[in-house]
There are 2 protein chains.
Amino acid sequence: MPASKSTRMESTTNTRSQILDIAQDLIQRNGVNAMSYADISKAVGIRKASIHYYFPSKEDLVIDLLDRYNEQFYCLLDEIMASPESPKVKLNNYFGLFEETLSSGEQDKACLCGILTAELKTLSTPIVERVTKFYRHNEEYLEQILQSGLETGDFAFAGNPQTMARLIFSLMEGDLLIARADGGVARIQSTIQQMMALIKS
Amino acid sequence: MPASKSTRMESTTNTRSQILDIAQDLIQRNGVNAMSYADISKAVGIRKASIHYYFPSKEDLVIDLLDRYNEQFYCLLDEIMASPESPKVKLNNYFGLFEETLSSGEQDKACLCGILTAELKTLSTPIVERVTKFYRHNEEYLEQILQSGLETGDFAFAGNPQTMARLIFSLMEGDLLIARADGGVARIQSTIQQMMALIKS
DNA sequence: TTTAGTCTATCTACTAGTAGGTAATTAAGA
DNA sequence: TCTTAATTACCTACTAGTAGATAGACTAAA
């Protein structure tokens, strides 16, 4: 691999990430099984065979997409965790990630992993592993926020932070999916507010 | 429609409902877009073209399936509502419907409408209407249970019963989807328990 | 410095298989 | 004999994926 990138390499990177962008958009809207190379081809403006040049199989594409998506999401999570804000604000910022997903674009995008969850039984092991890793990561971070919130007195609730973290994650994934179909951004906002009210001390 | 059913009619009815059974099973496992007439054909043991005799198009099939599913679900909901039990027990029985879905069969089935929610942007208006009707119905019933629970003192929570009903419904749909992939029946059980703890007085 | 070879990114043209759907036909019961 | 329920045989459109060609940029040797 060369030390310095040529202009050629840059255009490659652009096409590659453009394909990933479009694929992610299509999956978040319609699901993996309703997304085809032909769709991507049309949207990117290259021929179908050229997509196979970058991603030999559809599975390769989805794996690379999930790796990119997870990395990006974990970065946002780390930013929230590293901030000097109170647990209450941190949790609100976490909720914001989900609200932003629905607010973006045509307001019809769900969480990438949320959509894949519904189609999980049609997906290969490497993909399933990455989706479940996403759950675990989210739930661990949430648990940390909840734990420190209990300590600072920001939060007060029955049960343990782990179970509560799982509940909150399930809630956000479910509400994002449903709000997209019925209620929109207003619904997810009021759900977030309600959830905060339930655990605030 | 004849008043008395012939043996032929019975076999018709059987095949028809068998097709619906298999289709429902396949959708709850894999989603609509991963379910084909060929799959149903194999499972039922009739030719692909014979399915078109009962359901001219795939859309017809899904519509009829949703009408049957919703009717059945609303019956179960009515049973719960009509029972002389306390609001707390009623809510627990409502939660039981979701737990049973995951517990049944190979423990890999999600809520039919939950799965369709993820694929909603690929579905026609008549189908979308039926799915959103399912949400509304559930949320209305939940709201009633919560309202009467507040009155009896079974429940105590901040916010209004409507927002709480939506939150609980989103939670159950989300948790059913995720538990199927990670945590199984144990996860949904602990989520239910935790939710009960959050609103119990 | 020219030239020959190599690499990248793309194309056209194709494959085998599957999708939903249709037309014509047949077996059997009322 | 009419109706019902099923069949066979087919169609068109689309699926993921492959083969081979090519234009242009890079590289190394004559």
Side-chain angles (χ1 to χ4, degrees), chain A residues 1-23 26-27 29-65 116 119 121-124 126-127, chain B residues 1-24 26-27 29-65 116 119 122-124 126-127:
Chain A
M1 199 170 281
S4 66
K5 286 177 181 176
S6 66
T7 37
R8 194 169 28 73
M9 274 301 287
E10 277 185 328
S11 93
T12 296
T13 305
N14 283 345
T15 308
R16 201 191 142 85
S17 65
Q18 227 185 311
I19 293 169
L20 288 174
D21 289 345
I22 295 290
L26 287 168
I27 296 177
R29 273 182 231 280
N30 306 325
V32 231
N33 293 321
M35 182 269 293
S36 74
Y37 271 40
D39 295 331
I40 300 172
S41 159
K42 256 179 261 171
V44 177
I46 56 170
R47 292 304 163 132
K48 200 165 63 73
S50 307
I51 304 170
H52 284 283
Y53 171 76
Y54 294 98
F55 308 100
S57 77
K58 197 176 173 180
E59 199 196 332
D60 294 323
L61 196 163
V62 176
I63 287 176
D64 283 13
L65 181 56
L116 292 182
E119 301 176 295
K121 299 287 162 182
T122 71
L123 304 172
S124 67
I127 295 174
Chain B
M1 199 173 283
S4 67
K5 287 176 179 176
S6 66
T7 37
R8 193 170 28 74
M9 274 300 288
E10 276 184 328
S11 94
T12 297
T13 305
N14 283 343
T15 306
R16 201 191 142 85
S17 64
Q18 228 185 311
I19 293 169
L20 288 174
D21 290 344
I22 296 289
Q24 184 175 331
L26 287 168
I27 297 176
R29 273 183 230 280
N30 306 325
V32 231
N33 292 321
M35 182 270 292
S36 73
Y37 271 41
D39 296 331
I40 300 172
S41 160
K42 257 179 259 171
V44 177
I46 56 170
R47 293 301 163 136
K48 202 164 62 75
S50 307
I51 304 169
H52 284 283
Y53 171 74
Y54 294 99
F55 307 99
S57 77
K58 197 177 174 180
E59 199 196 333
D60 295 324
L61 197 162
V62 176
I63 288 175
D64 283 13
L65 181 56
L116 292 181
E119 302 177 293
T122 70
L123 304 172
S124 67
I127 295 173

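These figures come from a predicted structure and were not determined experimentally. Chain letters run A, B, ... following the sequence lines, proteins first and then strands; every chain starts at 1.
- When all heavy atoms of A/Leu26 and A/Asp39 are compared, the pair lying nearest together is CD1-CB, 3.7 Å.
- Atom CZ in A/Arg16 sits roughly 14 Å away from atom P in C/dT8 (whole-Å rounding).
- The distance between atom OH of B/Tyr53 and atom P of D/dA9, rounded to the nearest whole Å, is 21 Å.
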Q: May I have the step-by-step check of side-chain contact (heavy atoms from CB on, under 4.5 Å) for A/Phe55 and A/Leu20, ending in yes or no?
A: CA-CA 10 Å; A/Phe55 308 100; A/Leu20 288 174; 3.6 Å; yes
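- For A/Glu119 (side chain) and A/Gly31 (main-chain N/O), no donor-acceptor pair under 3.5 Å exists by modelled atom type.
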Q) Given the rule in the side-chain contact (heavy atoms from CB on, under 4.5 Å) test, do A/Ile27 and A/Leu65 qualify, once you have shown the distances and angles that lead to the verdict? A) CA-CA 10 Å; A/Ile27 296 177; A/Leu65 181 56; 3.8 Å; yes
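- Looking only at distances, a side-chain donor or acceptor of B/Tyr37 sits under 3.5 Å from a matching main-chain atom of B/Ser57.
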Taking N or O atoms only and anything under 3.5 Å, show me the protein contacts with nucleotides 19-21 of chain C, one pair per line.
| residue | atom | partner | partner atom | Å |
| --- | --- | --- | --- | --- |
| C/dA19 | OP1 | B/Ser36 | OG | 3.2 |
| C/dG20 | OP1 | B/Met35 | O | 3.4 |
| C/dG20 | OP1 | B/Lys58 | NZ | 2.9 |
| C/dG20 | OP2 | B/Tyr37 | N | 3.0 |
| C/dG20 | N7 | B/Lys48 | NZ | 3.1 |
| C/dG20 | O6 | B/Lys48 | NZ | 3.4 |
| C/dG21 | OP2 | B/Lys58 | N | 2.7 |
| C/dG21 | N7 | B/Lys48 | NZ | 3.4 |
| C/dG21 | N7 | B/His52 | NE2 | 3.2 |
| C/dG21 | O6 | B/Lys48 | NZ | 2.9 |

Q.
Test side-chain contact (heavy atoms from CB on, under 4.5 Å) on A/Ile51 and A/Leu61; report intermediate values, then the result.
A. CA-CA 9 Å; A/Ile51 304 170; A/Leu61 196 163; 4.3 Å; yes
Polar atoms only, N or O, under 3.5 Å: list the protein pairs with nucleotides 24-26 of chain C and their distances.
none

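- Here the C1' atom of nucleotide D/dT4 and the CG atom of B/Asn14 are 15 Å apart, to the nearest Å.
- With A/Lys58 contributing its side chain and A/Val32 its backbone, the two residues share a donor-acceptor pair below 3.5 Å.
- Every residue two or more places apart in sequence or in another chain that forms a salt bridge (charged side-chain N to carboxylate O under 4.0 Å, His left out) with B/Asp64 is listed here: B/Arg16.
- At whole-Å resolution of the value, CG in B/Asn33 and P in D/dT15 are 11 Å apart.
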